[in-house]
Participant: 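I have a structure I would like to understand better, so I am pasting it below and will then ask my questions one at a time.
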Amino acid sequence: MMKMVIATGNGNKMREIREIFADLPLEILSMKEAGAEADPEETGTTFEENSLIKARAVKEVLAAKGAGDTLVLADDSGLEIDALDKAPGVLSARFMGHDTSYDVKNAALLEKLEGVPEEKRTARFVCAISCILPDGTEFVKRGTMEGKIGHEIAGENGFGYDPIFIPDGYTVSSAVISPDEKNLISHRGKALRAMYQELSGKLKKES
Ligand code: ITT
């Protein structure tokens with residue numbers, strides 16, 4: 001079976017990716033499991049650029065190990081808050097420092113939005129997924145989940161900024177809704193399903 005290495009160190013992303021790709025004829029490995037860890041500087045100004053930077057870095061490590069016949073997938077994602085000029089955006093993971101807890105980050109964002117009226121609290125999660133095929137072909141898919149920033153930290157599911165984000169059509173945060181339901185509406189779910197469509201066609205042609 002062909003191997004697919006995911007260029008992420010984020011276990012939550014790994015779980016979502018494994019769920020959505022479960023029935024593809026692929027052995028899915030994290031970059032750690034594949035012994036191909038890379039942590040390139042995310043110097044891009046868009047989610048697309050940064051996801052490609054991560055995928056190319058892992059592809060290079062794999063090629064150096066003689067494992068170039070592997071598919072590589074990378075995700076770059078983040079939260080855009082309109083009232084903050086789309087911050088934290090591509091800096092979502094680095095906002096206030098990598099090691100700062102999300103309780104602290106989320107509380108700081110809520111404070112920055114104090115007094116901002118409901119209609120101006122719009123926000124979205126964005127996800128770009130890049131794939132590099134064994135022959136070097138690259139493609140990128142994007143998904144978004146629109147919503148708004150709530151007024152409190154709520155919910156135990158999800159991760160990162162989920163506890164302050166209320167998706168359109170909901171009255172609770174994306175950390176309250178179940179993981180399965182989040183997969184159906186999320187930025188990553190949408191980008192991954194678009195990638196799934198493209199890959200399942202390509203993998204069928206090859207087999
Ligand atoms: P990798 O680079 O190793 O994949 P990372 O967590 O550093 O892991 P990103 O650079 O893509 O990933 O940063 C994305 C950040 O955006 C992530 O750490 C969360 O803070 C936030 N984020 C992305 N998707 C999210 C989601 O579904 N729910 C909540 N927060 C999310």
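Every number for a ligand or one of its atoms is a count from 1 in the order of the listing.
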Participant: Crowded around E49 CD? As in, over 12 foreign heavy atoms under 6.0 Å?
Facilitator: yes
Participant: Is any NZ, NE, NH1 or NH2 atom of the basic residue among D82 and R121 found under 4.0 Å from an Asp or Glu carboxylate oxygen of the other?
Facilitator: no
Participant: Under 3.5 Å, N or O to N or O, is H98 touching ligand 1 that way?
Facilitator: no
Participant: So which heavy atom in the protein is nearest atom 6 (O) of ligand 1, and how far is it from that ligand atom?
Facilitator: N10 ND2, 3.0 Å
Participant: Hey, is the main chain of L184 close enough, under 3.5 Å, to the side chain of R193 for a donor-acceptor pair?
Facilitator: yes
Participant: So is H187 touching ligand 1 or not, going by heavy atoms under 4.0 Å?
Facilitator: yes
Participant: For the pair E27 and R18, find out whether any cationic side-chain nitrogen is under 4.0 Å from an anionic carboxylate oxygen.
Facilitator: no
Participant: Of all the atoms in ligand 1, which lie at a distance below 4.0 Å from a heavy atom belonging to S92?
Facilitator: 15 (C), 16 (O)
Participant: Distance to 0.1 Å, residue and atom name: give those for the protein heavy atom nearest to atom 1 (P) of ligand 1.
Facilitator: T8 OG1, 3.4 Å
Participant: Assigning hydrophobic clusters by single linkage (Ile, Leu, Val, Met, Phe, Trp, Tyr; side-chain heavy-atom cutoff under 4.5 Å), is I20 placed with L26?
Facilitator: yes
Participant: Check each atom of ligand 1 against the heavy atoms of D76 and keep those under 4.0 Å away; list them by number with element.
Facilitator: 9 (P), 10 (O), 11 (O)
Participant: Using a plain distance cutoff, I'd like to know if R188 has any nitrogen or oxygen under 3.5 Å from a nitrogen or oxygen of ligand 1.
Facilitator: yes
Participant: Hey, quick one: are F95 and I153 part of the same hydrophobic cluster, counting side-chain heavy atoms closer than 4.5 Å, chains of contacts allowed?
Facilitator: yes
Participant: Using non-hydrogen atoms of the residue, decide whether G158 is closer than 4.0 angstrom to ligand 1.
Facilitator: no
Participant: Could you tell me the separation between the CE atom of M145 and the OG atom of S186, rounded to the nearest 0.5 Å?
Facilitator: 5.5 Å
Participant: When you check the gap from the basic side-chain N to the acidic O, do K32 and E37 get nearer than 4.0 Å?
Facilitator: no
Participant: Which of the numbered atoms in ligand 1 are below 4.0 angstrom from a heavy atom of K13?
Facilitator: 1 (P), 4 (O), 5 (P), 8 (O), 9 (P), 11 (O), 12 (O)
Participant: Indicate, with yes or no, if the rings of Y161 and Y102 have centres closer together than 6.0 Å.
Facilitator: yes
Participant: Side chain, backbone, both or neither: which part of F159 has a heavy atom under 4.0 Å from ligand 1?
Facilitator: both
Participant: Around atom 27 (O) of ligand 1, find the nearest protein heavy atom and jot down its residue, atom name and distance.
Facilitator: K182 NZ, 2.7 Å
Participant: Closer than 4.0 angstrom: is that true for some heavy atom of K54 and an atom of ligand 1?
Facilitator: yes
Participant: What protein heavy atom is closest to atom 31 (C) of ligand 1, reported as residue, atom name and distance in Å?
Facilitator: F125 CE2, 3.5 Å
Participant: What distance do T70 atom OG1 and L62 atom CG have between them, rounded to the nearest 0.5 Å?
Facilitator: 5.0 Å
Participant: Y196 ring centre to K141 NZ or CZ under 6.0 Å, with the angle to the axis within 45°?
Facilitator: no
Participant: Give the residue, atom name and distance (to 0.1 Å) of the protein heavy atom nearest atom 14 (C) of ligand 1.
Facilitator: S77 O, 3.0 Å
Participant: Measuring from non-hydrogen atoms of K105 to any atom of ligand 1, is the shortest distance under 4.0 Å?
Facilitator: no
Participant: Quick test: of every protein heavy atom, which one is nearest to atom 3 (O) of ligand 1, and how far off is it to 0.1 Å?
Facilitator: G9 N, 2.8 Å
Participant: With a cut-off of 6.0 Å (strictly less than), are more than 12 heavy atoms of other residues, nucleotides or ligands near CD of E156?
Facilitator: no
Participant: Specify the protein heavy atom at minimum distance from atom 7 (O) of ligand 1: its residue, its atom name, and the distance to 0.1 Å.
Facilitator: A93 CB, 3.5 Å
Participant: So is Y102 close enough to ligand 1, meaning a heavy atom under 4.0 angstrom away?
Facilitator: yes
Participant: Of the choices L91, D162, N157, which has the non-hydrogen atom that lies closest to atom 28 (N) of ligand 1?
Facilitator: D162
Participant: Give me the nearest non-hydrogen protein atom to atom 21 (C) of ligand 1 as residue plus atom name, then the distance to 0.1 Å.
Facilitator: Y161 CD1, 3.7 Å
